[in-house]
Structures are given as structure tokens and as C-alpha cells.
Novice: 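Can you keep this structure in mind? I'll have questions shortly.
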There are 2 protein chains.
Amino acid sequence: MSNQSDSPKRALTRDDVLDAAAAMVKKNGPRALTMRKLAAELGTAVTSIYWHVGNRESLLEALVERTVTDLGEIRAQGRTPATRIVSVTRALRAQLRGHPHLVAMVHERGLTERMFQPATQALVHEVHAAGLRGGQAADVVRSLLFQVVGFVLVERNRERAPVQYPGDESLWDAGAAEHDPALAKGLAAPPDPERLFLLSVRAMVDGLLGERPAERAH
Amino acid sequence: MSNQSDSPKRALTRDDVLDAAAAMVKKNGPRALTMRKLAAELGTAVTSIYWHVGNRESLLEALVERTVTDLGEIRAQGRTPATRIVSVTRALRAQLRGHPHLVAMVHERGLTERMFQPATQALVHEVHAAGLRGGQAADVVRSLLFQVVGFVLVERNRERAPVQYPGDESLWDAGAAEHDPALAKGLAAPPDPERLFLLSVRAMVDGLLGERPAERAH
DNA sequence: ACCTGAACACCGTTCAAGT
DNA sequence: ACCTGAACACCGTTCAAGT
């Protein structure tokens, strides 16, 4: 708990507050950001913070806003439409993982559209290049966005709760795994998120792009 | 704020506490469950609750445990492997949506494996019936579980934050939608989750089942 | 074995008062 | 325009004391 600067006194600015708040969130998550501790960190009275940012909720909102703005563009890589689309989802996932607490905060505040604008634009472009148009293209873009965000949410929660219940093979030995020891082992081991992400995104992209309306009967 | 019963006095049981807590969570979410309000609801001192359930965290844990136990089986429906798998994911999504606050609570507490045991078993069975074995089957099951849970998480957060930023077409008109008005309109309108879920799960199932190792090059 | 009130250490927020 | 301390209404949790 040290002050932001060693110089004897300086006017407290709104950006000072945001910076300190960002540091606290980055270190221990949004839950650990309390107005009082933030004030202590900044060496001011709690009430000064209220003057600069209104209240805790607006503070978090401003924080999210600032982070989203700093996220930067997403560029597709690869030659085929499928690879380019997959590369965009990977870039988006990397962005999200770079700001571990951002996804949940953004979601709780309904800024999703805004946050995913760069990724959406990139996806729209690639999906268009893949030959899709109109409502179908929109569906594909939406499916992919949901997929990536959902995956990251699940992934993050998994990391935070490291030891899963029941944890080992006990559940799958008893015939549940259809007498397939390799399957049982595969389900018992912790998943490799990198691999799983690629696998499922590729499957979805293949499924979405390969779709010919006439072929489908189920 | 009324007491649980009109009979003058009764011994407070652990189940009474859990029941009242469950009702409060169901009504206003886990955040609204405070020990003090719970005590008021039950007409006892706060400290009595501590005697019965330890503390707030164990209370929520017990609640989750009980709900998960009550979730019940999942049965596949349909004739082809693909339809049967999709039916399992739909049933799982319905279960999760039936307990709106459960998913997040379960996740925060690392009970995911346990919660999804019925769905996992059903999926393992169907994936096996589709001809997949070993590690590949495990990957498919995992991908689908991640997909469903992720989708429901995103979906739920979207419902809670109804008006999205920026909200309307303003973003997509300016050439971002590749001069495709139908696409722009599709992205601007709020998604139909039911349709989107089916669409993306089917795409993923197709992609996962249709996979022949030799065919893939990207 | 079960329940109680008092007390502690925290919260977010408001308000009147200072410079 | 900016900062302050005091105060209010909440939290979760502990503890010694009751029956």
C-alpha cells in the first residue's frame, strides 16, 4: 500500500483514480476494488474519489470503457476463408485473456457489442469473403462471437477453481465411459484449453461454412 | 418479509435455512442473499444460522449441492447420432435455464464436473454410438459441454443487460457491414437465442462428427 | 444441542463544512 | 473547484453467555 508518487503533494485527477483502480482490479479482481482501499492507495479521503468519479459503479464503467478503447484492432491471417476466420477468433481470445477480468465486467454492464466491434468487423469481412451474405452471414458472425466469449468465460472460471469435483477417474471407470479406457482417461484429465479451443472453433467454422441449406435434414 | 410458518414456534433446522436461502436466491440472485436478511426472513437471530450452516460460503455451497442433486437425468431423443447429440445439448441448456443463477454459482465453486455428470454420460453414450472412440470422443464431449455452458453464460448476461451499447444500426451502416444491408440489420437486431443456439450447436456437431483426420489441412 | 445480543471490522454513500 | 471528517445504513463473522 504505497502512494502513487513520492512528490509531496499533487492535485488528484480523475485519471489518477482510474489508474490506481485499474491496478487494483488487475491485481486482485474487481471484487477487491473497494472505495476505501482505493482512497488509502491514493492517500486521500474516500470522499475525494466520489467527487472525481461519482460512485463505485461509474468508476468500474469508466474503467471498462478505457480498457475497451485500448484493445486495438484485430487482423485476420491465413489464406483460406476458414483459416482467416479461425485466426480472428484466436486473436479475440488472446485479447480477452490479456485482460482477465474484463470479460465479466463488460458483460455485467452490457458493453458487449462495443467491446467486440473490432472482432465483429473482422469477422464480417471474412465471412463475406467466404461467400456468405445477409442474415446467414450475421448468424455465422454471432455464433462465432458467442462461441469465443463463452469459451473464455468457461475457461477462466475453470482456472479460478483449479481442483474440480470429483476430480479423478472415479466417475468414469464404472462403465460410464462405455468401456473405453482412453475416453475415460481423456475426460478425467484436465483439458488443454488451447487445443480444445482450436478444435471446437474449427469444427464450428467447418459446420457453419460447409452448410448447404438443401443438405440438412435433422 | 414474512416468517416461514404461522405455527407459533418450531425448531429451526438446517433444511429450513436452505429452503429460505434457496427462495431468496431464486428471487433476487445470490448477491441478494445476506445472512441478516435470511435471519429476518426466518425470524431468528443471525447467529443461529451460523450454527446451522457454518458461514455464507458453506451455505451457498450446500445450496448448489442440493440443486445439482435435484437436476435429474438427461435422455437423448431422435434417430441419427447428430440429432441425438443435439437433443442432449438442448436438454442441458433447458436445465441450466431452469435454474438461472445456478451456472454461475456452480462455476465459481468448481463443481462443474459434478453438475454436468448426467449430460456428460448422455453425451459419451451418443458420441460412442456415432462411432467415435478414445481421446477423440473425449474431445468432442468436452467441446460440446464448453459450448453449451458458454452459450448459456453469454445468453444470461445478455438478458440481464438488456440494452446493449451502441444498440442500433449506427455502427454497421458506415460501410462496416460490407454494403450488405441485410447483414447490418441482422447484426443490429437482438439475437434470437433459441435459433442461434440450435444453429451453432448443429454446426459444431456437424463439424465434429464430419471430421476425417486426413481431410483437414488448415 | 441450540439460540441469543453485543461487538468487531469492514463496506458504499451522503452531507455539511472547509479551503 | 476540490478536499475533508463525521455519520448513516448496511455487511459477514466471532464470542461469551444463556437455556
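Chain identifiers are assigned alphabetically (A, B, ...) following the order of the sequence lines, protein sequences preceding nucleic acid strands; residue numbering begins at 1 within each chain.
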Novice: Please confirm whether the shortest side-chain N or O distance from A:H52 to OP1 or OP2 of D:dA1 is below 4.0 Å.
Specialist: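 For D:dA1, neither OP1 nor OP2 has a side-chain N or O of A:H52 closer than 4.0 Å.
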Novice: Side chains of B:T13 and B:D16: any donor to acceptor distance under 3.5 Å?
Specialist: yes
Novice: Find the distance A:N55:CG to C:dT14:P and express it as a whole number of Å.
Specialist: 7 Å
Novice: Dump the pairs, protein N or O against N or O of nucleotides 5-10 of chain C, anything under 3.5 Å, distances to one decimal.
Specialist:
unit_1 : atom_1 : unit_2 : atom_2 : d
C:dG5  : O6     : B:T47  : OG1    : 3.1

Novice: What is the separation between atom CG on A:L59 and atom C1' on C:dG12, rounded to the nearest whole Å?
Specialist: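 So the CG-C1' distance, A:L59 to C:dG12, works out to 12 Å.
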Novice: Round to the nearest Å and state the distance from B:L60 atom CG to D:dC11 atom C1'.
Specialist: 14 Å
Novice: Tell me, which pairs form a side chain to side chain donor-acceptor pair (under 3.5 Å) where one or both residues lie in residues 87-98 of chain B, sequence neighbours left out?
Specialist: B:R93-B:E155, B:R93-B:E194, B:R97-B:E155, B:R97-B:E159
Novice: May I ask you to list the residues of residues 20-29 of chain B, by number, that have any heavy atom positioned under 4.0 Å from an atom of DNA chain D?
Specialist: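 Nothing qualifies; none.
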Novice: Dot-bracket for DNA chain C, 5' to 3', counting Watson-Crick or G-U wobble pairs under 3.5 Å, with [ ] for crossing pairs and | for inter-strand pairs?
Specialist: ||.|||||...|||||.||
Novice: Quick check on DNA chain D: between A:V46 and B:V46, whose nearest nucleotide comes earlier from the 5' end?
Specialist: A:V46
Novice: Which distance, rounded to the nearest 0.5 Å, do you find between the CD1 of B:I85 and the CG of B:L208?
Specialist: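 Rounded to the nearest 0.5 Å, the CD1-CG separation comes out at 8.5 Å.
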Novice: What is the distance, to the nearest angstrom, from the CG atom on B:L42 to the P atom on C:dT4?
Specialist: 11 Å
Novice: I'd like to check the side-chain hydrogen bond (donor to acceptor under 3.5 Å, both in side chains) partners of B:T69; sequence neighbours left out, ordered by chain and number.
Specialist: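 Scan of B:T69 (side-chain hydrogen bond (donor to acceptor under 3.5 Å, both in side chains), adjacent residues dropped) gives none.
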Novice: Of B:I74, B:L92, B:V148, B:L144, which is the lone residue that meets side chain to side chain contact (heavy atoms under 4.5 Å, CB included) with B:L123?
Specialist: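 The single option meeting the side chain to side chain contact (heavy atoms under 4.5 Å, CB included) with B:L123 is B:L144.
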Novice: Please work out which of the three classes, parallel, tilted or perpendicular, describes the rings of B:F151 and A:F146, given edges at 30° and 60°.
Specialist: tilted
Novice: Are side-chain heavy atoms of B:V149 and B:F116 found at a separation under 4.5 Å?
Specialist: yes
Novice: Should A:L12 and A:H52 count as side-chain neighbours, where that means a heavy-atom distance under 4.5 Å?
Specialist: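 A:L12 reaches A:H52 side chain to side chain.
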Novice: For B:R66, I'd like to know if atom CZ has over 12 heavy atoms of other residues, nucleotides or ligands within 6.0 Å.
Specialist: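 Result for CZ/B:R66: enclosed.
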Novice: Measure CD1/B:I49 against P/D:dT14 and give the value in whole Å, please.
Specialist: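 So the two atoms are 14 Å apart, to the nearest Å.
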Novice: Going by atom types alone, do A:S58 and A:N55 pair a side-chain donor with an acceptor below 3.5 Å?
Specialist: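 Checked: A:S58/A:N55 side chains pair up, N/O donor to acceptor below 3.5 Å.
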Novice: Who are the salt bridge (Lys or Arg N to Asp or Glu O under 4.0 Å) partners of A:R195, not counting sequence neighbours?
Specialist: B:D139
Novice: Roughly how many Å is it from CE in A:M35 to C1' in D:dC11, rounded to a whole number?
Specialist: 17 Å
Novice: Would you kindly give the CZ-to-P distance between B:R14 and C:dC3, to the nearest whole Å?
Specialist: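 Spelled out: CZ on B:R14 to P on C:dC3 is 14 Å.
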Novice: Between atom CZ in A:R31 and atom P in C:dC11, what is the gap in whole Å?
Specialist: 13 Å
Novice: Please tell me which of the listed nucleotides, C:dT13, D:dA1, C:dC3, lies nearest to the side chain of A:W51?
Specialist: D:dA1
